[in-house]
Structure formats: C-alpha cells, structure tokens
Amino acid sequence: MTPEISAREADVLALLGEHLSNAEIGARLYISVRTVESHVSSMLRKFGAADRRALAHHAAELARAGTPGPAPVLPAPLTSFIGRARERAALAALLREHRQVTAVGPGGVGKTRLALKVAAETAAAHPDGVWFVDLVSTTDTAMVAAAVAAALGLGEQPGRGLDESVTVALADRDALLVLDNCEQVLDGVAPFLERLLATCPRVRVLATSRARLMVPFERVYQVPSLSAEDDAVALFLDRASAAGLTPDASMRERIIEICRRLDGMALAIELAAARCAGLGLDGLGAGLSDPLRMLAGGSRADDRHRSVRAALDWSHALLEPADRALLRAVSVFVSPFTARAAAAIAGETFVADGLASLAEQSLLVVTAAPGGTEYRALETIRQYGAERLDAAGETEAVHARHLAWCLSAAEDLAPTGDWRVRFDDTADELRAALTRATDRPAAHRLARRLAELTFARGLIGESQQRHEQAAALAADPAEAAGLLRDAAAVAVCRMRGDDMYRLLKEAAALAESAGDTAAAARHWATAATHAHRFSGEFADLPTHAEGLALLDRAAELAGDDPGALAAVALGEAGVRFDAFGSALGPAENSVAETLAAAERAVAAARRTGDPYAESAALDTLTGAQSWNGDAFAVAATIERRVALMTPLPEGPVRTLELMDALVQSIEAALGVGDVAGARGNARRVRAHPLLAEVSYRATGWELVAGVLGGDPAPLPAIGEDFLDSWRRSGRPTGTFLGPGVSAGLTLHRLRGDEDAVREWSDVLARVGTLPTHGHSYLAIFEATELLHTGRFEEALKRLAPDPREVWKYVTWLWLHWYVPLRAEAAVLAGDAAAREYIEDGRGYVRGNPFAEAVLDRAEALLDGDRLPATSFAASPYQAARTLVLAGGAEGERGAALVAELGLVPMAPPPRT
C-alpha cells in the first residue's frame, strides 16, 4: 500500500533525489535542519527504507517516471531473515547496556543481516534515529567520516573536518549508528569512534567486523554460526525453495548433514541452496565431501573460514571458464556496477549472460537502480574473486582496465543535471582505483579530476587533499604549483588560513626552483596578501613583518610580467597600506594613501585581463572606500566583483572570490539602506552549498537586516534557525558573529521575552565582541532599544562620539545607521547640538532613502512640524514609530501597531 506523505515531505523527498545534504535542503526550502531531519526520519519509517540512499533512489525514480505522488521506495527485501532469536535478544541486551558493541565473526557468518535486524527491532529506543553506514566500498581510512556524514545527510562545514561535523551533529542526540564491514578500514574507524563516543554521550554504535575495533567502551559479541538442526535448515529450505526445489520431510536429515558440513555458515548455506534445484541433495553432498575433508583440522574459527572457502571453491569449480574469468574481473569493483562497466573491465563486449549465471549461483546480488540493473558481490565473495585474480596473474591488467574505466567515468561527470547522484554512485570506485594505481600519469589525471569533482560536490576537505595529491604526482613543476595554488583557495573556502599560507609558499618555492620567477612572484605576493585579507581564518597568524618580507621577495622576482606586477601591487595595497583592516595591519593608515594604493592595484589587475586578479584587487578597493566613508562606492565595487565572478566556470578560486563578494554584498546593501537587497543577498548566500552547512552566517545577517529595517514579524523564526545552525556547528565563537547575535538580542529585548534575552545574552558573551564594536553595531542596537523605551539621554550618550572620531568602526555598513539614529537621539534628548547633527548627517547619508527619512523625521520633531507618515512603507516598525512620535490620535494608532508587531510599548516623545 502506498504511504501518504505531506506536501513538505514531497519537497524534501525531491531534493533528496538530488543528493542534497540536510542543510542544503533546509537552505533551499527555508526551513531548519531539524525540520528536514524530522521529515527524512518520517519518510524512512513510512516507506520502510533502509537509509537515505534508498529514499534518494526512490525520488530519482519518481522524477524519471514523472510520478506526481509517492510510491513504494524499494521492492521487498530480496531474501527473508531466518531465525536467530537467541542471538537477536543477546545482541539487543548488549546494546542496552553498552555504548559500543562490535558483532565479530568471519566473512559469511551473517553479521550484517543480524545487525540490521537488531537495529530495526531496537529503533524505538533511539528517538533521534537509527543510521546505517555500509563501509564495504570505503577503501581509504581517511574517508570513514565522509561515509558516516553521507548517511546522516551532513555536508562539510567550512572551518572543520567531516569527523568533527559528525560529532557536533550527534553531540546531543540519542541515536544508534550501525557501522557495517569495519574490518577493511579499522585504522580509520577506531580513531573516529573514539572521538564520537567521547563527545556524543547518548550515541550508541553497533559495528560489524571480522576483527574487534580495539576502542574504549567496546563490547565484543562473537556471532555464532547457525544451529544445524534449526536456523540453518530453515535458511537452506527457504533459499532452496526460491531456487525451485520443493522440499519434503524426508530431506530434513540430509539437509542437516549438509548444514553441519558447512558449519552453519549462512553464506555457505545460501550458496549451496542456490545449487540444490539443479544438483539435488545427492549432488550437493558429493560435491562438498572432498573439499571439506581436504580442509579438515585447525581451530573452530578456522573451520568456519574454511567452510565458506570450501563452498566458494565448489561453486567456482562448477562455473564455466568464461564465468570464472568474469567473476575474477568484477572483483575489482568495490561498489555496485552495471553490465556495461563489467564488460569494460572484463575486456568483453557482451557479459550479460555471464552476470546472470553468476547471479543464479548467488555469487552476485542483482538490484534495480535508477540507472538500470546493478550487480554487487558480497564482500567475502569479492575478496575470494580478488584472490583468484591474483592467482591467475591477471591483477595488473584488470586493475589497469579498471583505472581506465574510472578515468573515463570521471571525465563524463560534468556538474550538470543529476551529476551529484552519479558522482555519489561512482565516487568510491574512483577512490579505490586511485589508491591502488601504479600508473603515475593516469593517477595524476584521476587525482586532478577527483579534486575538481569533490569541490563541486561540496567535499572541500577531500578536494584539498586531492589537489595536493595531484600536485605530488604532477611531472611538470609549473602544473604542480598551479594545483597547490588551487589547493590554497580550497583551504580558504574551508576557513583554514594556515593551510592556505603553507600551500601558497610551497607553490612559490616550487615555481622558483623550476625557474618560473613570474609565477613565484605571484605566489609569494598572494601568500602575503591573503594572510592579511583572510587573517580571521588563521590559528597561528604570521607577523606583519613576515608578510612584508614575502612581498619584497615577490617584487625582486616580478620583472616586467603583468600578472606578477599586479600581484605585487595588490600586496602593496593589502599588506603595506592595510586596505583590509586586518588583525596584522599597522594601527594607523592614511585613507588617501590606502585609496590610491588600491586604485593602482585595480588598474594593474585590469591590464592582465585576469578576472580573478581584478576581483581580489577590487576587494582592496572596497576596504579603502569603506574607510573613506563612501558606502555607495563600496556597494558598486562589490557588485562589480559579483558580476565578474558569476559567469565564470565553477572552481576553487572563483568560489572563493564569489562567496567573499556575496557576503560583502549583504553588508554593502545594508550600508546604503537597501534592506530588501540585503535580505535577498543573504538568502543567496544561505543557499550556496559551500555555506549551507553553516547557515548561521547568512541568517545572522537576515536578523541584522530585519532589526535595522524594522520588520520584526519573521525574525523569531529566523532567530531559531540561526541558533539551530549555530548549535549544530558546535557553538563556534568569533567576533564576526557579533552583529547577528546582537540583532537577535535586541529583537527579544523589544519583545520583552526575558528567557530569550538571557539565552541570546549568553550567546553574545560566548561569540565575543571587540572594544571597537561598541562604536558600531553594539551602539546602534543598544541605542535602538533605549529610544524605544524612552531613555533618550542614555541613547544619546551611547551615540555621543562623532563619526569622524571613530571612523574605522562606524564607517562601512554602520555609518548610515549610526548618523541618523544619533540625530534622532539628540532631538528627543533635547540636546543643543541636535540641528548640527541633522545637518552633518545629511552629508553622510545623501542618496540613502531610509536614512534620509529618519533625518527628516528628526528635523520635523525638532521644528514641531507634522511628521512624514508615508516615509516608511517598507518598515512596519518605523511606520509605527513615526505615528507614536506624532502623538495624539496618531500616537494611539501607532501604539496599537507596535502591539500587533509583538513588541513592548514604545515610549512617546517628551513633552515640550
């Protein structure tokens, strides 16, 4: 029966089909990550799907078929679960008592099926979900966290690795994590689980492995073989019936004997049962007798291994030579594969019959996937095939064909359409091929392509790793230096300034050693510039003097190369004249000198015709213009950057420049009073995959825009999204969060919500502020509350400093809010300088309709004129405030509007 899902669940399901993370879905639908998780959990239950990938495949099928409504996600399980009542009870009891249980046993004993069954039966005890992670296709120990993150629907957060993203997401969750097939990546699983269990006190882990994990908290459960008289016979009969055998009571004793010979090993029994219809019980007994006698002896554990090998040897011996060769060839695949892929690896043109034959003998599992029929070998069988491949002396040739197939598949993965789905289905195969590649040029090409693909997919940590790997494999030093430069750009996107600095210096040294002095100059200068430009992303910040030394070295090497000269000019503006206002810069810098240096950098960059160089130079100009108090010029410069970067192809440098410009565009719009534009830019930033996992960076600015623009209605929900994302990101600190948190605090003060005020006050104390912030957003938000509640003299005192005295802290986006608010405070406080503040203010904010309207209102109050009632059509709060300040009947109407906005009463103007 088709389950019913809501319209919102249908939206989430459709985006799951695009392989978006929970945060990306939340950003696309403007809902919280917690809401997305709730919908995903609900649909997993409704459809009986094993994991997110099953839901994603279902969504892709619906999209392909044009189906308007839900349908069953997957067909019924290919085989039923048989028996093991005692084992299920014992394993469930261990999970209740211990936080980490490892189901240990040889390949083929049935660890995975048992773990899945127990996880399903105990799901109700874990309100935050049960998550299954199959590590069978994970061959790189560094990718364990990536596999877990994918299962949880997590993307990578700039500033932290995927392992930390997982632990942060699960920190307060009561959840069960099932890690299957851990044995091949034990060195990655063990440290990951140590961190997870230490930081997530309510998470439990059920792992399956051929060897114990050797981590704290681990409790090992040895999975026994099936009872020959009970469960083993039931399993044999079930699988034999499926193969066409009609069992009767007279067969029981003979089946018991076969199951005993196979030591109750589930996989061996299934392989034997698959042959039963064709060979009969007599044929099975005869075929198994000799191999088992040959392999007799040794410990019980060894017997279990040997019983599986005996069954595999026997099944293999019954295959046609061509099918044996095909089984050996397809053992290189770590992920499900198609007939077309198998043909490429096997060196044949048609392999469908062979694959069907292997599937009939239970040596391959067949599944229906969105892209067509897929085949998969169980890990035990895959390893057996790999041994046979090596014994046949075919390993090198088959691996070479597999590497060539992976290269072709990687080249075909253009970031368009459903490419994310196809990448996720292929990624582990590409990684495995790269891990065992012996052909250095081919490995270089694949590493470089993986670097590009993983960046586009949002796996920026892996992208940096692959860029560095490709650089190490490159034969050409110039190409290697370019790859290190791209790795440095990825590092900035990850908020890893130390990595960026190291990589740029490595690129410079490599280029210099190769005799490419122009490239070396560019990289030395860029390292110095970026240390100032992105100084907030460093754990260990280099000194200003070191930056100057790098810049001097770049100038020595630049010669007359336009690109090198442009990089040096950029460094002069950014490092020597501190156009970025960085933590490294000199305490004082001349506005005129900084502006002139930035303009020289822009001119030099334009002469190169390089849009990336021009964008970086325009960033220095933005800083200089902001110090000059020219908000409109700042906004125009940033729009120029956005326009330059938008049409360029996706890549690390483009993403770095575009995202930097987009974040600044939010502030630039606010700086000129364009509240609607700031909100739109914030939503664009929030939806970008690079920042979707840290959406608080965008929602914080939405709070600022809402409070400044006077539209409080949607802000409580936006504030909850901010806090939700902030908490899920591990409650990061950093003064860059101050404006958003201060806006949220002001909102709840105006709402009179004391509980929320305490919470937001604690958050503000945690993220931190700088003393200089007291002259910018802190002054503006605090003065807004003081004016609302009638403490006019306190508000004026808070805004007393002349803008020219604190120019570095109230220019940029805050100047156009500071100046008119200061003038209105002076009028309401009855200060003698009120008219001077108004007149001076008009010079600052000319062209900003919002700020001019506040000054008009202040002047009307000062002169006793009628207040302009229609100046704030887009600002419900300011429209209500205008009416309150008008007094009389209009004041009463304004007070009612303030109440409708959910705010505490606004103080009327003082009597004159």
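Because the structure is a prediction, the values reported are computed rather than measured. Numbers for residues simply follow the sequence, beginning at 1.
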In the structure I gave you, are the side-chain heavy atoms of [X] and [Y] within less than 4.5 Å of one another anywhere?
X      : Y      : result
Arg239 : Ile269 : no
Leu179 : Leu213 : no
Ile381 : Leu327 : yes
Leu154 : Leu162 : no
Asn181 : Thr138 : no
Cys259 : Leu226 : no
Glu462 : Met143 : yes
Leu206 : Leu91  : yes

> Between Arg376 and Ser137, does a side-chain hydrogen bond (donor to acceptor under 3.5 Å, both in side chains) hold up when you go through it step by step?
Replying inline: CA-CA 11 Å; Arg376 175 177 62 87; Ser137 58; over 6 Å; no
Hey, could you give me the [atom1]/[atom2] distance between [X] and [Y], rounded to the nearest 0.5 Å?
X      : Y      : atom1 : atom2 : result
Leu358 : Asp353 : CG    : CG    : 11.0 Å
Leu318 : Leu363 : CG    : CG    : 10.0 Å
Arg84  : Lys117 : CZ    : NZ    : 13.0 Å
Gln222 : Glu87  : CD    : CD    : 12.0 Å
Glu253 : Ile258 : CD    : CD1   : 12.0 Å
Ser331 : His402 : OG    : NE2   : 10.0 Å

>> Run His444 and Leu446 through side chain to side chain contact (heavy atoms under 4.5 Å, CB included) and show every step you take.
In response: CA-CA 5 Å; His444 165 70; Leu446 184 55; over 6 Å; no
Hydrogens and angles aside, do [X] and [Y] bring a side-chain donor and acceptor to less than 3.5 Å of each other?
X      : Y      : answer
Ser335 : Arg431 : no
Glu379 : Gln383 : yes
His98  : Arg219 : yes
Asp323 : Ser357 : yes

Whether [X] side chain and [Y] backbone form a donor-acceptor pair below 3.5 Å:
X      : Y      : result
Arg448 : Ala470 : no
Arg420 : His19  : yes
Thr102 : Thr208 : no
Arg195 : Glu164 : no
Gln184 : Val136 : yes
Arg99  : Val203 : yes
Lys111 : Ala103 : no
Ser241 : Leu237 : yes

Can you tell me if [atom1] on [X] sees more than 12 non-hydrogen neighbours from other groups inside 6.0 Å?
X      : atom1 : answer
Arg86  : CZ    : no
Glu320 : CD    : no
Arg254 : CZ    : yes

>> Once you measure the plane-to-plane angle for Phe337 and Phe333, does it fall in the parallel (<30°), tilted (30-60°) or perpendicular (>60°) bin?
In response: parallel
Nearest non-hydrogen partners of [X] and [Y], listed with the distance:
X      : Y      : result
Ser225 : Asp263 : CB-O, 2.9 Å
Tyr375 : Ala339 : CE1-N, 4.2 Å
Leu453 : Leu430 : CD1-CD1, 4.5 Å
Val334 : Asp428 : CG2-O, 3.7 Å
Ala329 : Leu389 : N-CD1, 4.4 Å
Gln465 : Asp140 : NE2-OD2, 3.9 Å

>> As a quick check of understanding, evaluate side chain to side chain contact (heavy atoms under 4.5 Å, CB included) for Leu413 and Arg422, giving each step before the final call.
In response: CA-CA 7 Å; Leu413 282 169; Arg422 292 184 288 115; 3.5 Å; yes
>> Filter on salt bridge (charged side-chain N to carboxylate O under 4.0 Å, His left out), then keep only pairs touching residues 390-414, sequence neighbours left out; what's left?
In response: Arg328-Glu394
> Given the rule in the salt bridge (charged side-chain N to carboxylate O under 4.0 Å, His left out) test, do Arg449 and Glu452 qualify, once you have shown the distances and angles that lead to the verdict?
Replying inline: CA-CA 5 Å; Arg449 184 59 179 155; Glu452 298 167 352; 2.8 Å; yes
>> Within 45 degrees of the ring normal and closer than 6.0 Å to the centroid, is that where the cationic atom of Arg457 sits relative to Phe423?
In response: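 Pair Arg457/Phe423 does not count as cation-pi.
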> Which is it for Thr373 and Leu355 under the side chain to side chain contact (heavy atoms under 4.5 Å, CB included) test, yes or no, and what are the steps along the way?
Replying inline: CA-CA 11 Å; Thr373 301; Leu355 293 172; over 6 Å; no
>> Run Val365 and Leu378 through side chain to side chain contact (heavy atoms under 4.5 Å, CB included) and show every step you take.
In response: CA-CA 7 Å; Val365 176; Leu378 297 179; 4.3 Å; yes
>> If the condition is side-chain contact (heavy atoms from CB on, under 4.5 Å), which residues does Thr435 pass it with, not counting sequence neighbours?
In response: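 Testing Thr435 for side-chain contact (heavy atoms from CB on, under 4.5 Å), a comparison that skips the adjacent residues, returns Thr139.
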